[in-house]
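Numbers for residues simply follow the sequence, beginning at 1. Values below: every heavy atom of this structure, side chains too, minus hydrogens, waters and symmetry copies.
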Amino acid sequence: MSSKLSLVRPFGPYIGKFKFPETFVKDVNSFIDNSENDPEVLKSLDWSQNLVGKVHQELRVPNYVLLKHEEFLQSQASQYLKSITDMGVVNLDTRVLSVKRGPAWVVRSNPGDFNPAHVHSDATICMAGFLKTPDWDDELLEDRDDHAPSRGKLCFMHGNTEEWGNNLMLIEPKVGDCYIFPATLTHFVYPFKSSGERRSFSVNFQRL
């Protein structure tokens, strides 16, 4: 089972995009929602010491929650690596085509929270997708008229600003959308001000 993967190359590295199945979004959201009222469970799931986010919560997603989605996640990672290699423009060691899933976690952001620029130094490729967004239609409408729209967005950054060039790619969170990218690609998340929660899912993959 897999989802159609599209690729863009706004700068050096390729960034893939695909859709989470509705069952995936439902299962992970249900796990988080069912855990939030148990302090002991939340303490056991706390993953913040491994991450850099300035956010409400960063919670590890246990393997048993992802078990029935394992094949899907693995197939998307393999599809991404095969696609960029088949294009012939990316020189990859053949060993990179074999990856295994590493830690997975959920980031729960409240108004004013943000995630500073970072990379995932202990991984080969990463996925970051969206499970829930705030009630922020008015804020996004305001954002469209802004000279620097950024509220709540995921941003990928590569290289330096150059004439006739681009070094940023801004992503507006939409539930079910997921992006896959090299672990060394710098990325960060801007704050928002609308009430509600911005909830995202991330997972690392390491080469075998």
Next item on the list: Decide whether Val25 and Phe201 are clustered together by the hydrophobic rule: side chain heavy atoms of Ile, Leu, Val, Met, Phe, Trp, Tyr closer than 4.5 Å, transitively.
Entry: yes
Next item on the list: State, with a plain yes or no, whether a side-chain heavy atom of Ser194 is found less than 4.5 Å away from one of Asp138.
Entry: no
Notebook entry, point to check: How far apart are the closest heavy atoms of Gly196 and Pro111, and which atoms are they?
Noted result: O-CD, 3.6 Å
Check: Any donor and acceptor pair, going by atom type alone, linking the side chain of Asn29 with main-chain N or O of Leu131 inside 3.5 Å?
Finding: yes
Check: Does Ser78 use its side chain to pair, donor to acceptor, with the backbone of Ser75 at less than 3.5 Å?
Finding: no
Item checked: ILVMFWY cluster, Val189 and Met127 together (side-chain gap under 4.5 Å) -> no
Give the table of side-chain donor-acceptor pairs shorter than 3.5 Å for residues 165-175, with sequence neighbours excluded, one pair per line with atom names and distance.
from	atom 1	to	atom 2	distance (Å)
Asn166	OD1	Leu168	N	3.3
Asn166	ND2	Leu168	O	2.9
Asn167	ND2	Gly159	O	3.3

Notebook entry, point to check: Can you find a pair of side-chain heavy atoms, one from Lys17 and one from Val8, that are under 4.5 Å apart?
Noted result: no
Checklist line | Passing option when Ile180 is tested against Leu5, Leu81, Leu73, Leu7 for side chain to side chain contact (heavy atoms under 4.5 Å, CB included) | finding: Leu5
Check: Short question: side chain of Glu139, backbone of Lys193 - any donor-acceptor pair under 3.5 Å?
Finding: yes
Notebook entry, point to check: Do Phe20 and Phe130 sit in the same hydrophobic cluster, where Ile, Leu, Val, Met, Phe, Trp and Tyr count as joined when their side-chain heavy atoms come under 4.5 Å apart?
Noted result: no
Margin query: Quick check: closest heavy atoms across Pro13 and Leu185, and the distance to 0.1 Å?
Written below: CG-CD1, 4.1 Å
Margin query: Please list all pairs meeting side chain to side chain donor-acceptor pair (under 3.5 Å) that have one or both residues in residues 177-189, counting only residues at least two apart or in different chains.
Written below: Lys19-Asp177, His118-His187, His120-His187
Check: Is the closest side-chain heavy-atom distance between Trp47 and Val61 below 4.5 Å?
Finding: no
Check: Would a hydrophobic clustering, with Ile, Leu, Val, Met, Phe, Trp and Tyr connected at side-chain separations under 4.5 Å, put Val203 with Val106?
Finding: yes
Notebook entry, point to check: Hey, what's the ring geometry for His158 with Phe11, parallel, tilted or perpendicular (30° and 60° as the breaks)?
Noted result: tilted
Next item on the list: State, yes or no, whether a side-chain contact exists between Leu45 and Phe31 at a heavy-atom distance under 4.5 Å.
Entry: yes
Check: For Asp27 and Val65, which heavy atoms make the closest approach, and how far apart are they?
Finding: O-CG1, 4.4 Å
Margin query: Could you walk me through whether Ser35 and Leu59 satisfy the side chain to side chain contact (heavy atoms under 4.5 Å, CB included) test, starting with their C-alpha distance in whole Å, then the side-chain angles of each, then the deciding distance to 0.1 Å, before giving a yes or no?
Written below: CA-CA 10 Å; Ser35 301; Leu59 303 175; 5.7 Å; no
Notebook entry, point to check: For the residue pair Gly53 and Pro116, what are the closest heavy atoms and their distance?
Noted result: CA-CD, 4.2 Å
Checklist line | Interatomic spacing from CG in Asn115 to NZ in Lys54 - rounded to 0.5 Å | finding: 9.0 Å
Checklist line | Non-hydrogen atoms of Pro134 and Ser195 that approach each other most closely | finding: CB-O, 3.4 Å
Check: Is Val28 reachable from Phe18 through a run of hydrophobic residues whose side-chain heavy atoms are each under 4.5 Å from the next?
Finding: yes
Notebook entry, point to check: Judged by atom type as modelled, is there a donor-acceptor pair below 3.5 Å linking the side chain of Thr124 to the main-chain atoms of Arg207?
Noted result: yes
Next item on the list: Indicate the atoms forming the closest heavy-atom contact of Gly16 with Tyr80, along with that distance.
Entry: N-CE1, 3.9 Å
Notebook entry, point to check: Any side-chain heavy atom of Val99 within less than 4.5 Å of one from Gln74?
Noted result: yes
Check: Between Arg151 and Glu142, is any pair of side-chain heavy atoms under 4.5 Å apart?
Finding: yes
Item checked: Tyr190-Phe192 aromatic ring centre distance below 6.0 Å -> no
Note to self: Nearest 0.5 angstrom please: Arg60 CZ to Asp46 CG, how far?
What the structure shows: 10.0 Å
Check: Do you know which of Asp113, Val107, Leu154, Asn110 makes side chain to side chain contact (heavy atoms under 4.5 Å, CB included) with Arg198?
Finding: Leu154
Next item on the list: Applying salt bridge (charged side-chain N to carboxylate O under 4.0 Å, His left out), run through Arg101 and Glu70 and close with a yes or a no.
Entry: CA-CA 8 Å; Arg101 183 178 66 79; Glu70 195 74 58; 2.7 Å; yes
